[in-house]
Amino acid sequence: MENYEFEAENYDFEMEHSHLQVNRYQETFDKFSSLPSDKDISSAVNSLLEAHFKENFTPETLKHIHGCIDLTTLTSLDTRESVWEMVEKVVNDYEGKRPDVPNIAAICVYPLFVDVLKQALTAQDVKIASVAGGFPSSQTFTEVKVAETAMAVMTGAEEIDVVMNLGYFFEEDYETLTDELSEIKDSCREAKLKVIIETGALATVENIRKATILALYSGADFVKTSTGKGYPGATPEAVYTICKVIKEYADICGKKVGIKVSGGIRTAEDAVRYYTIVKDVLGKEWTGKDLFRIGASSLVADIEKRLGE
């Protein structure tokens with residue numbers, strides 16, 4: 001009986017502690033403006049694109065976007081040879097070919113291929129990026145995530161893309177979630193951290209809003225929409241929501257955090273839609289590669305085709 005009472009008391013304490021944690025994070029959420037309904041967000045995005053998409057769909061914008069692309073290969077069939085060939089064909093051979101078109105911003109691979117990028121990459125100012133932290137599910141031990149991140153950085157990664165643990169998010173275990181991301185951020189050292197919130201799984205504006213806030217306060221240098229693995233990719237509504245939160249965070253904290261749009265972006269039209277949203281909500285200062293990225297595998301070819309490459 002005594003053991004039962006002790007366990008009950010311990011359970012009550014844990015529940016109370018958990019409740020206090022949720023309240024503390026709710027205070028942080030409340031610092032930010034509530035957003036309209038999903039339907040109203042969709043209407044706002046449609047109006048924005050109707051007003052500004054055509055004026056942004058120009059060769060100059062496409063050139064600019066080309067310099068904001070994170071070229072990505074993340075398949076189980078990747079090999080050292082295939083990664084090397086991609087770098088040679090898409091990146092190194094392009095360097096200096098069109099002085100009026102900047103090379104891509106980064107190449108993103110699995111940690112196993114970071115050293116290949118470091119050896120193969122001769123193009124100037126193209127960053128080495130790696131996924132880490134149990135990508136794409138994030139369902140492994142924090143210690144493994146931290147170690148994998150540190151090893152990728154040690155091998156040469158300059159940017160790290162990790163997935164927020166959505167299990168913790170939906171359990172409202174925000175403390176474990178943010179502690180884990182903060183530890184990963186520390187293990188990045190000088191490398192930039194992009195936190196993927198998997199908007200297709202979050203689904204609602206409110207969930208996307210909260211996840212973005214948690215990522216920002218955990219030290220994210222970029223908030224990224226999607227993994228492109230198993231869930232719907234980026235949507236204009238999700239990007240609009242993330243941008244709204246990033247803008248407010250900059251006003252509250254005085255820190256500019258970037259946005260990376262990924263998942264299903266294949267055409268120049270797709271890219272210009274997202275560029276238009278970022279430019280309209282966050283301002284032109286957010287459209288440079290230091291604060292705006294598009295993760296894609298086939299977008300480069302489409303833009304170069306449109307530009308007459």
Side-chain angles (χ1 to χ4, degrees), residues 49 52-74 82-109 113 117 120-131 157-159 161 192 194 196 221-226 228 233-236 239 242-243 256 258-309:
L49 291 175
H52 301 295
F53 173 79
K54 288 184 179 179
E55 70 189 52
N56 287 325
F57 196 80
T58 66
E60 289 307 311
T61 299
L62 294 183
K63 292 175 185 178
H64 179 82
I65 289 173
H66 190 276
C68 296
I69 294 173
D70 284 6
L71 179 64
T72 303
T73 180
L74 295 168
S82 69
V83 171
W84 190 291
E85 288 178 352
M86 181 190 71
V87 174
E88 286 294 320
K89 180 181 178 181
V90 182
V91 186
N92 290 345
D93 289 352
Y94 189 80
E95 183 75 1
K97 187 177 179 181
R98 282 283 301 263
D100 60 324
V101 182
N103 212 326
I104 62 172
I107 306 173
C108 187
V109 295
F113 303 109
L117 290 187
L121 195 58
T122 60
Q124 297 178 358
D125 205 26
V126 176
K127 300 295 185 182
I128 297 171
S130 174
V131 295
E158 300 166 284
E159 301 177 356
D161 292 38
K192 298 291 186 183
K194 303 175 193 144
I196 307 164
D221 296 297
F222 281 79
V223 177
K224 178 179 173 182
T225 58
S226 320
T235 65
V239 171
I242 294 169
C243 286
K256 294 178 182 176
I259 179 169
K260 179 173 174 179
V261 186
S262 63
I265 304 162
R266 298 180 177 86
T267 68
E269 286 84 358
D270 292 335
V272 173
R273 286 188 189 95
Y274 291 116
Y275 170 89
T276 299
I277 293 168
V278 171
K279 182 181 177 183
D280 190 81
V281 177
L282 289 169
K284 191 172 182 180
E285 61 189 313
W286 250 274
T287 61
K289 67 179 180 179
D290 289 340
L291 292 170
F292 175 56
R293 298 288 181 84
I294 295 179
S297 56
S298 57
L299 178 61
V300 171
D302 190 61
I303 287 180
E304 291 178 1
K305 180 181 178 182
R306 303 296 183 97
L307 293 174
E309 297 295 331

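Bear in mind the structure is a predicted one, so any value in this text is a computation, not a measurement.
- E55 is linked by a side-chain hydrogen bond (donor to acceptor under 3.5 Å, both in side chains) to H52, counting only residues two or more places apart in sequence or in another chain.
- Scored by the side chain to side chain contact (heavy atoms under 4.5 Å, CB included) test, D302 finds T267, A268, R306 as partners (sequence neighbours excluded).
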List the steps and the verdict of side chain to side chain contact (heavy atoms under 4.5 Å, CB included) for Y94 and V101.
CA-CA 10 Å; Y94 189 80; V101 182; 3.0 Å; yes
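- Legend: salt bridge (charged side-chain N to carboxylate O under 4.0 Å, His left out) pairs involving residues 276-285, not counting sequence neighbours, sorted by first then second residue: K256-E285.
- Residues meeting the salt bridge (Lys or Arg N to Asp or Glu O under 4.0 Å) test with K127, sequence neighbours left out: E158.
- Remark: side-chain polar atoms of N103 are not paired, donor with acceptor, to backbone N or O of Q124 under 3.5 angstrom.
- For the atom pair CZ (R98) and CG (L307), the distance works out to 5.5 Å, reported to the nearest 0.5 Å.
- Partners of S226 according to the side-chain hydrogen bond (donor to acceptor under 3.5 Å, both in side chains) rule, which considers only residues two or more places apart in sequence or in another chain, do not exist here.
- Checked against side chain to side chain contact (heavy atoms under 4.5 Å, CB included), I65 has the following partners two or more places apart in sequence or in another chain: T61, A271, V272, Y275, I294, I303.
- Taking the side chain to side chain contact (heavy atoms under 4.5 Å, CB included) definition, one finds that E60 meets it with T58, K63, sequence neighbours left out.
- Partners of K289 by side-chain hydrogen bond (donor to acceptor under 3.5 Å, both in side chains), not counting sequence neighbours, listed by chain and number: D125.
- The ring pair (Phe, Tyr, Trp, His ring centres under 6.0 Å) search around F222 returns none, not counting sequence neighbours.
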Pair K194-D221, side chain to side chain contact (heavy atoms under 4.5 Å, CB included): steps then yes or no:
CA-CA 6 Å; K194 303 175 193 144; D221 296 297; over 6 Å; no
Checking T73 against S82 for the side chain to side chain contact (heavy atoms under 4.5 Å, CB included) test, could you report, in this order, the C-alpha distance in whole Å, the side-chain angles of both residues, the deciding distance, and whether it holds?
CA-CA 9 Å; T73 180; S82 69; 5.8 Å; no
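- Every residue two or more places apart in sequence or in another chain that forms a side chain to side chain contact (heavy atoms under 4.5 Å, CB included) with E88 is listed here: W84, N92, D93.
- With sequence neighbours excluded, the residues satisfying side-chain hydrogen bond (donor to acceptor under 3.5 Å, both in side chains) with R293 are D70, E159.
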